[in-house]
Amino acid sequence: MRRSGFTLIEIMLVISIIGVLSSVMLPRLSYFFEPQSAVLQRGLEAAMNKALSGIPIRLKVKQEGAERRGAIIAEALQKREVPADSLSAFLGTASNQPVVLEWQTVKLRDIPEDKGWKFEPEIIYFYTDGSCSPARISWKEDNSYTGRTDEYVLTVTGYCVKLDK
(Lines give C-alpha, C1' and ligand atoms only; values in the text may rest on other atoms or scores of the structure.)
Protein backbone atom coordinates (compact mmCIF):
# COMPACT_ATOMS: atom_id res chain seq x y z
CA MET A 1 0.00 0.00 0.00
CA ARG A 2 1.40 3.39 -1.03
CA ARG A 3 1.10 6.46 1.26
CA SER A 4 0.34 9.86 -0.22
CA GLY A 5 2.57 12.79 0.73
CA PHE A 6 5.58 14.85 -0.29
CA THR A 7 9.10 13.59 -0.56
CA LEU A 8 11.99 15.32 1.14
CA ILE A 9 13.32 16.55 -2.22
CA GLU A 10 9.98 18.18 -3.12
CA ILE A 11 9.82 19.98 0.24
CA MET A 12 13.43 21.20 -0.08
CA LEU A 13 12.76 22.43 -3.62
CA VAL A 14 9.74 24.48 -2.48
CA ILE A 15 11.68 25.94 0.46
CA SER A 16 14.58 26.93 -1.79
CA ILE A 17 12.20 28.64 -4.26
CA ILE A 18 10.58 30.58 -1.41
CA GLY A 19 14.05 31.57 -0.17
CA VAL A 20 15.12 32.90 -3.57
CA LEU A 21 11.89 34.87 -4.01
CA SER A 22 12.13 36.40 -0.54
CA SER A 23 15.78 37.37 -1.04
CA VAL A 24 14.77 39.23 -4.20
CA MET A 25 11.73 40.96 -2.68
CA LEU A 26 13.03 41.84 0.80
CA PRO A 27 15.30 44.74 -0.28
CA ARG A 28 12.48 46.20 -2.35
CA LEU A 29 10.03 46.01 0.54
CA SER A 30 12.47 47.38 3.11
CA TYR A 31 12.88 50.51 0.94
CA PHE A 32 9.29 51.49 1.81
CA PHE A 33 9.81 51.00 5.55
CA GLU A 34 13.05 52.95 5.93
CA PRO A 35 13.52 55.28 8.87
CA GLN A 36 13.38 58.98 8.01
CA SER A 37 17.03 59.42 8.99
CA ALA A 38 18.12 57.09 6.16
CA VAL A 39 15.86 58.83 3.65
CA LEU A 40 17.17 62.24 4.72
CA GLN A 41 20.81 61.15 4.54
CA ARG A 42 20.34 59.77 1.02
CA GLY A 43 18.68 63.02 -0.08
CA LEU A 44 21.48 65.13 1.39
CA GLU A 45 24.07 62.94 -0.35
CA ALA A 46 22.23 63.39 -3.67
CA ALA A 47 22.32 67.18 -3.22
CA MET A 48 26.01 67.05 -2.28
CA ASN A 49 26.87 64.89 -5.31
CA LYS A 50 25.02 67.26 -7.65
CA ALA A 51 26.90 70.22 -6.13
CA LEU A 52 30.23 68.44 -6.49
CA SER A 53 29.52 68.08 -10.22
CA GLY A 54 29.75 71.88 -10.50
CA ILE A 55 26.17 73.03 -9.97
CA PRO A 56 25.38 74.81 -6.66
CA ILE A 57 22.26 73.37 -5.00
CA ARG A 58 19.96 74.69 -2.34
CA LEU A 59 17.24 72.89 -0.41
CA LYS A 60 14.27 74.70 1.06
CA VAL A 61 10.90 73.77 2.45
CA LYS A 62 7.68 74.63 0.67
CA GLN A 63 5.89 75.78 3.79
CA GLU A 64 2.33 74.73 4.47
CA GLY A 65 0.61 75.96 7.60
CA ALA A 66 1.62 77.97 10.65
CA GLU A 67 4.35 75.52 11.79
CA ARG A 68 6.49 76.35 8.72
CA ARG A 69 6.66 72.66 7.79
CA GLY A 70 6.31 71.19 4.35
CA ALA A 71 7.92 69.25 1.52
CA ILE A 72 11.58 69.69 0.56
CA ILE A 73 12.31 71.42 -2.75
CA ALA A 74 15.70 71.26 -4.50
CA GLU A 75 16.89 74.15 -6.65
CA ALA A 76 20.01 74.55 -8.79
CA LEU A 77 21.79 77.76 -9.78
CA GLN A 78 21.55 77.77 -13.56
CA LYS A 79 22.11 80.20 -16.40
CA ARG A 80 19.24 81.79 -18.28
CA GLU A 81 19.59 83.98 -21.34
CA VAL A 82 18.03 87.43 -21.15
CA PRO A 83 15.93 88.49 -24.16
CA ALA A 84 17.40 91.30 -26.25
CA ASP A 85 14.34 93.50 -25.66
CA SER A 86 14.66 93.38 -21.86
CA LEU A 87 15.27 96.42 -19.64
CA SER A 88 19.04 95.77 -19.37
CA ALA A 89 19.32 95.69 -23.15
CA PHE A 90 17.35 98.95 -23.31
CA LEU A 91 19.66 100.62 -20.79
CA GLY A 92 22.74 99.45 -22.67
CA THR A 93 24.06 97.34 -19.78
CA ALA A 94 23.57 94.03 -21.56
CA SER A 95 26.45 92.38 -23.38
CA ASN A 96 26.18 90.64 -26.73
CA GLN A 97 24.91 87.46 -25.08
CA PRO A 98 23.31 88.51 -21.79
CA VAL A 99 23.05 85.71 -19.24
CA VAL A 100 21.48 85.75 -15.78
CA LEU A 101 22.03 83.22 -12.99
CA GLU A 102 18.86 82.16 -11.20
CA TRP A 103 17.61 79.36 -8.96
CA GLN A 104 15.53 76.82 -10.87
CA THR A 105 13.71 73.83 -9.39
CA VAL A 106 15.38 70.50 -10.13
CA LYS A 107 14.37 66.94 -9.40
CA LEU A 108 16.87 65.04 -7.27
CA ARG A 109 16.28 61.31 -7.04
CA ASP A 110 16.51 60.73 -3.29
CA ILE A 111 14.95 63.86 -1.76
CA PRO A 112 12.31 62.89 0.84
CA GLU A 113 8.78 63.59 -0.38
CA ASP A 114 7.01 63.79 2.99
CA LYS A 115 5.50 67.10 4.10
CA GLY A 116 6.62 67.28 7.73
CA TRP A 117 10.07 68.87 7.23
CA LYS A 118 11.40 72.09 8.76
CA PHE A 119 14.82 73.77 8.28
CA GLU A 120 16.55 76.29 10.53
CA PRO A 121 17.78 78.40 8.72
CA GLU A 122 15.12 78.08 6.06
CA ILE A 123 17.54 77.40 3.18
CA ILE A 124 20.45 74.93 3.06
CA TYR A 125 23.14 75.62 0.45
CA PHE A 126 25.42 72.96 -1.06
CA TYR A 127 28.58 74.42 -2.61
CA THR A 128 30.77 73.08 -5.40
CA ASP A 129 33.73 72.63 -3.04
CA GLY A 130 31.95 69.86 -1.12
CA SER A 131 30.74 71.92 1.81
CA CYS A 132 27.26 73.01 2.82
CA SER A 133 25.67 75.48 5.18
CA PRO A 134 25.03 73.99 8.63
CA ALA A 135 21.41 73.60 9.65
CA ARG A 136 19.00 72.11 12.13
CA ILE A 137 16.50 69.84 10.41
CA SER A 138 13.36 68.47 12.00
CA TRP A 139 10.70 66.09 10.78
CA LYS A 140 7.31 65.72 12.40
CA GLU A 141 5.42 62.52 11.77
CA ASP A 142 2.06 63.20 10.18
CA ASN A 143 0.21 60.91 12.54
CA SER A 144 -2.27 62.28 15.02
CA TYR A 145 -1.68 59.38 17.44
CA THR A 146 2.06 59.66 18.03
CA GLY A 147 3.01 63.10 16.70
CA ARG A 148 6.69 62.11 16.99
CA THR A 149 9.30 64.71 16.02
CA ASP A 150 12.83 63.77 14.97
CA GLU A 151 15.59 66.39 14.96
CA TYR A 152 18.88 66.30 13.05
CA VAL A 153 21.95 68.52 12.77
CA LEU A 154 23.60 68.97 9.39
CA THR A 155 27.31 69.80 9.63
CA VAL A 156 29.38 71.81 7.16
CA THR A 157 30.82 68.58 5.74
CA GLY A 158 27.34 67.26 4.84
CA TYR A 159 27.20 64.76 7.70
CA CYS A 160 23.76 64.48 9.30
CA VAL A 161 23.41 63.45 12.97
CA LYS A 162 20.16 62.57 14.70
CA LEU A 163 19.69 64.33 18.04
CA ASP A 164 18.54 62.11 20.88
CA LYS A 165 16.03 63.59 23.25
Partner residues of T105 under the side chain to side chain donor-acceptor pair (under 3.5 Å) criterion, sequence neighbours left out: none
Pair E151 + R136: basic N to acidic O under 4.0 Å: yes
ILVMFWY network linking F6 to I15, side-chain heavy atoms under 4.5 angstrom: yes
Sequence neighbours excluded, every pair satisfying salt bridge (Lys or Arg N to Asp or Glu O under 4.0 Å) that has a member inside residues 7-16: none
Verify same cluster id: I9, I17 (apolar side-chain graph, 4.5 Å): no
Chi angles and distances behind the side chain to side chain contact (heavy atoms under 4.5 Å, CB included) call for I57, Y125: CA-CA 6 Å; I57 299 290; Y125 293 94; over 6 Å; no
Cluster link L21 to L13, ILVMFWY, side chain under 4.5 Å: yes
Carboxylate-amine/guanidinium contact K107 E113, below 4.0 Å: yes
side-chain contact (heavy atoms from CB on, under 4.5 Å), paired with L59, selected from I123, L154, I111, I73: I111
Heavy-atom side-chain contact between K140 and R69 under 4.5 Å: yes
Stepwise side chain to side chain contact (heavy atoms under 4.5 Å, CB included) test for D110 and V39: CA-CA 7 Å; D110 294 320; V39 175; over 6 Å; no
Rounded distance (nearest 0.5 Å) linking atom CZ of F126 with atom CG of L108: 9.5 Å
Separation between OH of Y127 and CZ of R58, rounded to the nearest 0.5 Å: 11.0 Å
CA sep, side-chain torsions, deciding dist, call: K162, L40, side chain to side chain contact (heavy atoms under 4.5 Å, CB included): CA-CA 10 Å; K162 183 175 180 180; L40 176 64; over 6 Å; no
Carboxylate-amine/guanidinium proximity below 4.0 Å for K60 and E122: no
Test item: C160 and L44 side chains (from C-beta on) under 4.5 Å apart, heavy atoms: yes
Path from M48 to Y152 over hydrophobic side-chain contacts below 4.5 Å: yes
Any side-chain heavy-atom pair of K62 and I72 under 4.5 Å: no
Nearest-0.5 Å distance that lies between atom OG in S23 and atom CD1 in I18: 12.0 Å
Spacing of Q63 atom CD and K115 atom NZ [to the nearest 0.5 Å]: 14.0 Å
Sub-4.5 Å side-chain heavy-atom contact between W117 and I137: yes
In one Ile/Leu/Val/Met/Phe/Trp/Tyr side-chain cluster, 4.5 Å: L52, I55: yes
pair P112-W139: side-chain heavy atoms closer than 4.5 Å: no
